[in-house]
Structures are given as structure tokens and as C-alpha cells.
S.K.: 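Okay, here's the structure, questions in a sec.
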2 protein chains.
Amino acid sequence: MAGIKDVAAEARVSVATVSRVLNDHPSVSAEARARVLAAVEALGYRPNAVARSLRTDQTHTLGLVISDVMNPYFTELARSVEEEARALGYSVIIGNADERPELQDHHVRNLLDRRIDGLLVSPTDGGSPLMLDAARSGTPMVFVDRWIPGVDVPVVRADGRGAIRDLMAHLHGLGHRRLAIIAGPAATTTGSERVEAFRAALAEYGIPLPEAYTGQGDFQAESGRRVTEGFLDLAEPPEVVFAADNLMALGALDAIRARGMRVPDDIALAAFDDIPWFVHTDPPITAIAQPTGELGRAAVRALVDRIEGRPPQSVTLPARLVVRHSCGEPPASSEPSPVTNRSHS
Amino acid sequence: MAGIKDVAAEARVSVATVSRVLNDHPSVSAEARARVLAAVEALGYRPNAVARSLRTDQTHTLGLVISDVMNPYFTELARSVEEEARALGYSVIIGNADERPELQDHHVRNLLDRRIDGLLVSPTDGGSPLMLDAARSGTPMVFVDRWIPGVDVPVVRADGRGAIRDLMAHLHGLGHRRLAIIAGPAATTTGSERVEAFRAALAEYGIPLPEAYTGQGDFQAESGRRVTEGFLDLAEPPEVVFAADNLMALGALDAIRARGMRVPDDIALAAFDDIPWFVHTDPPITAIAQPTGELGRAAVRALVDRIEGRPPQSVTLPARLVVRHSCGEPPASSEPSPVTNRSHS
DNA sequence: CTGAAAGCGCTTACAG
DNA sequence: CTGAAAGCGCTTACAG
């Protein structure tokens, strides 16, 4: 593979001059520039990004550590992050923690070793020593979706409280009084916040959230199945199950179906996070939709601001309720297909 | 951030010795090793992977360029690739081509510039000059899922012909005779092969595949919607629509639903690629399942073999038909939930 | 077993 | 405008 020396030789200039034209440095004569460009073309030369990074101490790379790539919410988040990063001249390396703290640490360490310019994290837990270290050390960092309290790092996330209150109104209007939730890990902010918001919304109607109706999941489908089975085994099962993410909703559906029960006739179901398939499930599922693409883009902008010395900004965007048929009464009007709205911007 | 020199100073040895203990070189005295390890610990030293890569000409990184991360099939492929790579001591950088050749080229170029040790590609098209160059140049490369004919690169993929023949038998048995397909881009192998296999399977029953029943999609949901609308507008619409991937099936479902028609009563639907949601759609969708995890792992093994100087092997694994309700008659027995089988190995 | 030194491929003050 | 030289943080023959 041709190196900068080969280009210099071919163009009959020094490597310094080659480097200058490659980096658009103004003080290069037109002739020298032309010869260098011709040589680059002739040799098919491509600068070695590794060498450049070592020298400049910049990798133009962002790290993104997400909790679970297989979760469509995070897949979409990752996609929008990559898009915005590319628009701003950065690449992104994704680390999938799979909701496992050790794996999360593995990726954080790996990314730090690679000297990424900044780190975007959606923490799987309350913060390992490594994560806290990284946050406190110099590496520019931004939390997205989930965050770690008590750490001075900007946070870009959605606020689901309003949507959960709307959901509660919807459920109450349908006559439901026994409501259960499949929660995410208490060590994650989204895990605990969604339960708290749900509990608060219930309280507005004077409805308690008993221990038995609070199932502990881990944001994975299997836990949704397990918790739902527990609910169904109760002497007085809930009338509604609210899953704190879409994968646990899938698990809940599996469990309900395995018992030969029907949604919403036998039990109602709602989910946090909306995905295209919720339109076509049997029945279509009522869900809380996050502005996922916006979150990803805002997170990248905050991180790049921080990297490039501008003051980064925390952002909170509202989530919204999308009513379908899984809790009872069908919605008034049919909704447009979500699929056709997919943007490629 | 502490560098190797700081460690050397702290441990009162040379940087050479520090490097040796870091790389498990045998000829280091026990005392020196202990002092170095203590210094590393004390300073929280982490080797700079960028510098190491420049020196050793190895990044221990694999590039994976996939056609579309938002497609659950590729998400799962990416996940299994990362898992196997990690097990073998490699990281992976994912580039999402979003089914766009220019974006694919962007990622290939970026990965090559970063001097990844090897490249895994599922090509979006028939092969850009850049891609062909990369394949012919020294970079170890393996195609996964889709491939480019005429290039000497190992291929790891699934063979769907048997499953498509099984699907055809199933459809024929249900009395369907007017069968249409939503194809992927003809420039991709999976785009053309699936049509050909479908046509061949139809031929065995003496059924032709007319032009009007061959819709040109691009593996994205929106194209599935568009093509399906065309089918439904026909004077004699097909009785069955076979979507060549799961996203186009989603689009087809959107289109059918928008007309107020029902599956399978008004029209039957089947898809290539199986996903967990197909169990819960209305109705559950008959699909062809690929051994996705196995493909990802086999692809990594082939690539690492190539990188480490062993002869790499092409692999072809069979896909299989999973009958559900979307083509008519329900299956004999209910299937176990696919969700609970998710492995974390 | 250990260290001094060269070198990986670049960029960038510095001097001209 | 241009080039010689230093240096980014490592690894690794080479000599001892």
C-alpha cells in the first residue's frame, strides 16, 4: 500500500508538502498541489488514519455504548447517531452491552483504549467504577436515553411522564382498575422512572400499585414472559399489563398467547417504545413513542459541542401516547402507516 | 493520561521492559514484572491502541458493512458477528449502507483507511470499483449473506431453495395458483436468487411467474407497500404475495391493511427471513428462517482464518420454512415461542 | 533478563 | 511557498 513517501517521491516534493495539500493547508503552490493530487490519484494513495490519529491525538470517532442492539429502539437510536455523526465528520463505533454490565465495561474500556474523541452511553446499570472514572476523567461524554445520577455529564432523553399520564387516562376511561407493570432494572433510570411515573399516574386516580403488580424485568423479552406468567398465576390477575419496553411486551404477548388468552378481551397490554410492528400485531398495540431519531441527533450534537469546545446542552423531549387496540376500545380514526415515514435524510 | 514512559519511570525500568510485560513476553524477571504491574495499577495505565496499531500494523479490528441495520435480520447478523469476533479477540466496526451503494463505498473507504484487519461485507449492489479493488487488493475479505460473483472471496450464506420449494408445496396444497413476488434489487445476489428459486419452484407445478406478478422492491418496507399496491390494482390480483425480506413484508401488510383487506382470506402473505414478531402479527406470518447466528459466526471464523494465515472456507447453510397462518390453513401444532430461545453465549 | 535505539506513517512548528 | 526534523506512543530486533 502506497505511503506518503511514495506520493512525495512521485510528485517530487517533500512529505510535508504532500501532507499540506492533503490537509488543505493554504500555503502550497498551485503547481505543487496539482502534482501531489496527480500522484495521489496515480498511486491510489489513502492516508493512514491510524498514523494520523497518533500524531494529531484525534480519531474523529465517537463511541456509542448501548444497552441492547437487538432492541429496535436502540437500533434506531444507533442509526440516527451514526447519521448525524457522519454529517458532522465523525465515525461511530458501536458497543452492544446486551444489558450486561461487564460487557458494557468491556466496550467502554475498548473504546477508551482506541482513543475515541467522545463517548455516548446509555448505561445498563447505576455506574461501574470504570464508567464513573471515564465520566470524571477528561473524555467528553454524553448520556442518552438512560443516565447516571450524580455525574456531571449532559443527558439527552425523553420524558415519558406526560404520555404515561395520558395512557392512564385512556385505561381508566376503559374501566380498567387493576393495573400491573413489567419494570426494567431498578438500577437504570428508565427502569425506575417508568415505574414511578406509572405509580404517580395511578395515584391521581386513587389506584394503588401493589407489590404483586410490579414485576421485575430486565428489558429483555424473556423477562417479560416470565413476569407475565407470574401475573397470570395470581389469584386476582391484573386487567392491564404495561411493559416498560417493547421487548418485554413481546415476551408478555408470548406468555398470554401460550395460555390461549386474548388481548384485550382477557387482558390488556400496553408498551413503552413504539415500533412499526405494533401496527400489525394481533391486536395492534397501544404504545408510548419516543422521538428516537431526534434523541440520537441531539445527543451527537451535544457530544460534538463538548469535543469541539462549545458548551454542551442537556435535552429532554416529550414522548407521546399512540392509542391502538390492545387495551380495549378501538381508536376513533385509523392512523397512517408509520413505515412510510422513514426518512433517509 | 499516563503513558508507557510514566509507567517505566514509576517501575524504574525501561519502556522496553514495560512493553514486554504488557505483551507477556517471557524474558522478564519476576521482580521487574511485579514492579511494572504495580506501576500500571497505580497509574491506571492503559496502552494506547492507536500507537500499538501503527507499530504492529494490526488493529485487531474487523469491519462489517451491512446493507441495513434496521432490518432485524442484519441486526442479528451484526450481533452474532460481534460476539464471535470478541471471542476471537477482535473488535468490530459496523458500517450501515442503508441499501445505498454510495454509503456502502463511504464505509468501505473509511474502514480501509482505519486499517482494519479484515472486512465482512454484505454487498448492496453488484460491486463498485472500490469494492472490487478492495477485494482484489490485500485486505482479507469475506462476503456474508449477499456476494459478488466473479470475485475470489469466500462466501458465507444461506441457501433458500429448499425452503422456497417447501413453501411452494405448502401454497399449492392450499390451492393457490396465482403467486406474486416482491423481489429485492436484481443487482444483489439475494435479490435475484430468491426470484429465480421462486420461479423454479413454480415451474415444478407448471405455474408461470408473469411479469405483472414480479414486483421490483429494494428490501425496504416502503417498496413492499408500493409493489403490493400495484398487485392489488391488477385486474386479476395474485392470491399470494411472497416478500423477499421481512421489511417488504411489513410494507405489504401496511398496503393490504390500508385497503381494508384481510390476510389470508383476501390475500395470502409469506416472507423470506423470520423474526420474533411474525408470531404475533395478525395473522402469524409464514416465513423462511435463516440460521442467522450461525452465518455470522461462520463468517467471522472464515475471515479470521484468512487474517491469521489459515485457508478460509466458504459456507452454505440451509434455510427452512416455518409455516404459520398467513397463507391459509393453520399449522397442525402450535410452535414454541422463538423468544425464549435467545442465547447469550 | 535488560536497555538504547530505530521506526511505524503521519503532522507541524521552525527556519529559510 | 518549501523542506528537514522532531515527535505522537508504542514494539522489537540488536547488543550486551
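Hydrogens, waters and symmetry mates are skipped; everything else that's a heavy atom, side chains included, is used. Every chain is numbered from 1, with letters handed out A, B, ... down the list of sequences. This is a predicted model, so every value here is computed, not measured.
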S.K.: Could you say whether Gly3(A) or Ser27(B) is positioned toward the 5' end of DNA chain C, judged by the nucleotide with the nearest heavy atom to each?
M.R.: Ser27(B)
S.K.: Which ranges of DNA chain C pair up as stems, where a stem means three or more consecutive Watson-Crick or G-U pairs with both distances under 3.5 Å?
M.R.: C:1-3 with D:14-16, C:5-12 with D:5-12, C:14-16 with D:1-3
S.K.: Nearest whole angstrom, please: distance from the P of dG9(C) to the CZ of Arg20(A).
M.R.: 20 Å
S.K.: Using whole Å, what does the distance between atom C1' of nucleotide dC8(C) and atom CZ of Arg115(B) come to?
M.R.: 12 Å
S.K.: What parts of residues 39-55 of chain A reach DNA chain D, counting only heavy atoms under 4.0 Å away?
M.R.: Leu54(A), Arg55(A)
S.K.: Just by distance, do the side chain of Asp117(A) and the backbone of His60(A) share a donor-acceptor pair under 3.5 Å?
M.R.: yes
S.K.: From CD of Gln58(B) over to C1' of dC8(C), roughly how many Å is that when rounded to an integer?
M.R.: 13 Å
S.K.: Taking atom C1' of dT12(C) as reference, at what distance in whole Å does atom CG of Asp57(A) sit?
M.R.: 14 Å
S.K.: Ser29(A) side chain N/O closer than 4.0 Å to the phosphate oxygens (OP1, OP2) of dC1(D)?
M.R.: no
S.K.: Send over the distance from Asp6(B) CG to dC10(D) C1', rounded to a whole Å.
M.R.: 13 Å
S.K.: Can His107(B) and Ile93(B) be said to form a side-chain contact (heavy atoms from CB on, under 4.5 Å), step by step?
M.R.: CA-CA 10 Å; His107(B) 284 120; Ile93(B) 304 184; over 6 Å; no
S.K.: Which comes earlier along DNA chain D counting from the 5' end, the contact point of Val15(A) or that of Val28(A), where each point is its nearest nucleotide?
M.R.: Val28(A)
S.K.: OP1, OP2 of dG3(D) versus side-chain N and O of Thr17(A): anything below 4.0 Å?
M.R.: yes
S.K.: Is a side-chain donor or acceptor of Asp145(B) paired with a backbone partner of Ser122(B) at a separation under 3.5 angstrom?
M.R.: no
S.K.: Taking Asn71(A) for the side chain and Tyr73(A) for the main chain, is one N or O donor matched with an acceptor at less than 3.5 Å?
M.R.: yes
S.K.: Please state how far atom CE in Met1(B) lies from atom C1' in dC10(D), giving the value in whole angstrom units.
M.R.: 15 Å
S.K.: dG9(D) P sits how many Å from Leu22(B) CG, rounded?
M.R.: 15 Å
S.K.: Using whole Å, what does the distance between atom C1' of nucleotide dC1(C) and atom CZ of Arg33(B) come to?
M.R.: 11 Å
S.K.: Check whether Asn23(B) reaches the backbone of Ser19(B) with its side chain - one donor and one acceptor, N or O, closer than 3.5 Å.
M.R.: yes
